[in-house]
Amino acid sequence: MASDHSVGGEEVISNKQVILKDYVSGFPRESNLYLTTSNIKLKVPEEESGKDAVLVKNLYLSSDPFMRGRMQRDLPPGEPELSSYSLGSPIVGYGVARVVDSRHSDFKKGDLVWGRTIGWEEYSLITTPEYLFKINHTDDIPLSYYTGILGMPGMTAYFGFFDIGSPKEGDRVYVSSASGAVGQLVGQFAKLIGCYVVGSAGSKEKVELLKTKFGFDDAFNYKEEHDLDAALKRYFPEGIDIYFENVGGKMLDAVLLNMRHHGRIALCGMISQYNLEQPESVQNLIALLFKQIRMEGFAVYEYYDQYSKFLDFVLPYIKEGKIVYVEDITEGLESGPAALIGLFSGRNVGKQVVKVAQE
């Protein structure tokens, strides 16, 4: 994009942005977001706030369910990833970008990075670059993978399954929302170590994807099941050792009835509850006691210091074709709101990505 003008000898450029218009209660709508254009200098400011800052041109943005939570008002203060977005400001998430200017010693102009402080805009000034990872990119791997299999979703699948799930060969593994950014990987990781794996998804197309492309032993469409308890007994007659939880609500209730003794539940997400003003109750928690089940939530950012360990595991499998990844890429920042809201109606097939600019 050509520069619009210069100020004081510094290049100034127009910057399209996706802005949060109002806080959300219930199901989010595209009208909760709007597109606007501001101006930005293509230079990190020299004042104190810019002393370690990095200015980036955004290439790919990651649409993730956790972003819905940040669209609510008055979330408790604490971890930035879980705090409310500011009205009138660009929403923020994970993305892949190229460094335009930097005052940080770890990043230089031209570097490719991925991270979680990237705004939904064409250019972002990042003042907290400790949440950025430098990409040592190779042409045989798509750069967009750093929004998914080689980024936050990949780390979520890996550490959630292996650390919380504590799998061993022969374990019976159930993955809900199994065709999504995280679930498709959990199932493949489980198969690599010799587990029996069943996943659920919300369409026939996604069920076929699980069985044919991702190598799950079986899969079912939860929308066609009137009795989830009966469905799980059909696929797991001997019970479930590991449940990778992405859905919550009625699904979790049914799973609790079908867990084996000393089973493990990794709480990754509960997408069925995010848009409810009154969350569903879970009735069968007593199974945790009677079956000595361990159910544990986790936050992927607690594993960021182990990113190299994760890459050492997953990169060889990708290059050997033993792990595959499906992306749903939409073109242009203006398509971002529809892509993000579409997550909650199951519109996407695979990892939802918004392509902002050419690499």
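- Residues passing the side chain to side chain donor-acceptor pair (under 3.5 Å) test with Gln17 are Ser38, Glu121, sequence neighbours excluded.
- Across every non-hydrogen atom of Gly115 and Leu132, the tightest pair is CA-CD2, 3.9 Å.
- In this structure, the side chains of Tyr60 and Tyr146 stay at 4.5 Å or more apart for every pair of heavy atoms.
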Show, in sequence, the C-alpha distance, side-chain angles and deciding distance for Val326 and Lys213, and conclude whether the side-chain contact (heavy atoms from CB on, under 4.5 Å) test is met.
CA-CA 9 Å; Val326 169; Lys213 192 171 186 70; 3.5 Å; yes

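- Taking a 6.0 Å sphere around NZ of Lys211, one finds it holds more than 12 heavy atoms contributed by other residues, nucleotides or ligands.
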(message) Val282 vs Lys250, test: side-chain contact (heavy atoms from CB on, under 4.5 Å). Steps then yes/no.
(response) CA-CA 7 Å; Val282 177; Lys250 295 174 183 177; over 6 Å; no

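- Looking at Val255 and Glu245, their side chains never come closer than 4.5 Å, going by heavy atoms from C-beta outward.
- Connection of Val349 to Val207 is not established within any shared hydrophobic cluster, with ILVMFWY side chains joined at heavy-atom distances below 4.5 Å, either directly or through further cluster members.
- By the 4.5 Å heavy-atom criterion applied to side chains, Ser31 and Leu33 are not counted as neighbours.
- A salt bridge does not link Asp312 to Lys309: none of the charged side-chain nitrogens sits closer than 4.0 Å to a carboxylate oxygen.
- In the hydrophobic clustering of ILVMFWY residues, with side-chain heavy atoms under 4.5 Å counting as a link, Val324 and Met155 come out together.
- Shown here for Gly148 and Tyr325, the closest heavy-atom pair between the two residues is CA-OH, 3.4 Å.
- Between the Asp241 side chain and the Arg172 main chain, a donor and an acceptor come within less than 3.5 Å of each other.
- Of the possible donor and acceptor atoms, none in the side chain of Asn284 sits under 3.5 Å from a partner among the backbone N and O of Leu257.
- At a threshold of 4.5 Å between non-hydrogen side-chain atoms, the residues Asp163 and Phe298 do not count as touching.
- Minimum heavy-atom separation, Leu35 to Lys16: CD2-CD, 4.2 Å.
- Here the CD1-OH distance, from Ile19 to Tyr34, works out to 5.0 Å after rounding to the nearest 0.5 Å.
- Atom CD in Glu296 sits 9.0 Å away from atom OG in Ser166 (nearest 0.5 Å).
- For Arg294, the CZ atom is densely surrounded, since the number of other residues' heavy atoms within 6.0 Å is greater than 12.
- Under a hydrophobic clustering in which Ile, Leu, Val, Met, Phe, Trp and Tyr are joined whenever their side-chain heavy atoms come within less than 4.5 Å, directly or via other members, Leu288 and Phe290 fall into different clusters.
- Ile240 places a side-chain heavy atom less than 4.5 Å from the side chain of Met259.
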Discussion item. Could you go through Arg98 and Val56, starting from their C-alpha distance and side-chain angles, then the distance that decides it, and tell me whether this counts as side-chain contact (heavy atoms from CB on, under 4.5 Å)?
Written reply: CA-CA 5 Å; Arg98 187 179 296 278; Val56 299; over 6 Å; no

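- Taking the side chain to side chain donor-acceptor pair (under 3.5 Å) definition, one finds that Asp64 meets it with Ser62, Lys351, sequence neighbours left out.
- Between Tyr235 and Tyr174, the ring center distance fails the sub-6.0 Å criterion.
- Atoms CD1 and CE, on Ile164 and Met295 in that order, are 12.5 Å from each other to the nearest 0.5 Å.
- Between Phe133 and Trp114, the ring planes lie parallel to each other; the angle is under 30°, not in the 30° to 60° tilted range.
- Under a hydrophobic clustering in which Ile, Leu, Val, Met, Phe, Trp and Tyr are joined whenever their side-chain heavy atoms come within less than 4.5 Å, directly or via other members, Phe216 and Leu192 fall into the same cluster.
- Looking only at distances, no side-chain donor or acceptor of Arg347 sits under 3.5 Å from a matching main-chain atom of Ile341.
- The backbone N or O of Tyr222 sits nowhere less than 3.5 Å from a side-chain atom of Ser200 that would complete a donor-acceptor pair.
- A donor-acceptor contact closer than 3.5 angstrom links the side chains of Asn258 and Lys233.
- Side chain of Arg103 to main chain of Glu46: a donor-acceptor pair is present (N/O by atom type, distance under 3.5 Å, no hydrogens or angles).
- Considering all non-hydrogen atoms of both residues, Glu208 and Thr212 come closest at O-OG1, 2.6 Å.
- A 4.5 Å side-chain heavy-atom check between Tyr196 and Asp171 finds every atom pair outside the cut-off.
- The aromatic rings of Tyr303 and Phe159 sit parallel, their planes meeting at an angle under 30°, below the 60° perpendicular limit.
- Residues Glu280 and Gly249 share a closest heavy-atom pair of OE1-CA, 3.3 Å.
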Test side-chain hydrogen bond (donor to acceptor under 3.5 Å, both in side chains) applied to Glu327 and Ser144, step by step: CA-CA 9 Å; Glu327 298 175 301; Ser144 56; 2.9 Å; yes

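- Considering all non-hydrogen atoms of both residues, His104 and Pro129 come closest at CD2-CG, 3.4 Å.
- Side-chain atoms of Glu320 never come within 3.5 Å of backbone atoms of Ile318 as a donor-acceptor pair (strictly under, hydrogens ignored).
- Not counting sequence neighbours, the partners of Ser281 by the side chain to side chain donor-acceptor pair (under 3.5 Å) test are Gln283.
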query: Do Tyr317 and Phe189 pass the ring pair (Phe, Tyr, Trp, His ring centres under 6.0 Å) test, and can you show the C-alpha distance, the side-chain angles, and the key distance before you say yes or no?
result: CA-CA 10 Å; Tyr317 285 121; Phe189 293 162; 8.0 Å; no

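- Panel note: side chain Thr330, backbone Ala339; no donor-acceptor pair is recorded below 3.5 Å.
- Side chain of Asp217 to backbone of Val197: a donor-acceptor contact under 3.5 angstrom is found.
- Note: the hydrophobic cluster containing Ile271 does not contain Leu276 (ILVMFWY, side chain heavy atoms under 4.5 Å, direct or indirect links).
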Determine whether Leu285 and Leu256 satisfy the following criterion, side-chain contact (heavy atoms from CB on, under 4.5 Å), listing intermediate values before the conclusion.
CA-CA 7 Å; Leu285 288 174; Leu256 286 168; 4.0 Å; yes

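- From Ile40, atom CD1 reaches atom CD1 of Ile13 across 9.5 Å, with rounding to the nearest 0.5 Å.
- The backbone N or O of Gln184 lies less than 3.5 Å from a partner atom in the side chain of Gln188, making a donor-acceptor pair.
- Contact check for Val18 versus Leu333: side-chain heavy atoms found under the 4.5 Å cut-off.
- More than 12 heavy atoms of other residues, nucleotides or ligands shown are found within 6.0 angstrom of NZ on Lys191.
- Contact of the Ile126 side chain with the Tyr131 side chain is not registered, since no non-hydrogen atoms from C-beta on lie closer than 4.5 Å.
- Checking side-chain atoms of Ser272 against main-chain N and O of Val247 turns up a donor-acceptor pair under 3.5 Å.
- Taking the six-membered ring where the residue is Trp, the centroids of Phe162 and Phe313 are separated by under 6.0 Å.
- Between the CG atom of Leu59 and the OG1 atom of Thr147 there is a distance of 11.0 Å, given to the nearest 0.5 Å.
- A cation-pi arrangement, defined by a distance under 6.0 Å to the six-membered ring centre and an angle within 45 degrees of its axis, is absent between Arg116 and Tyr94.
- Going from atom OG of Ser203 over to atom CD of Glu224 covers 9.5 Å, rounded to the nearest 0.5 Å.
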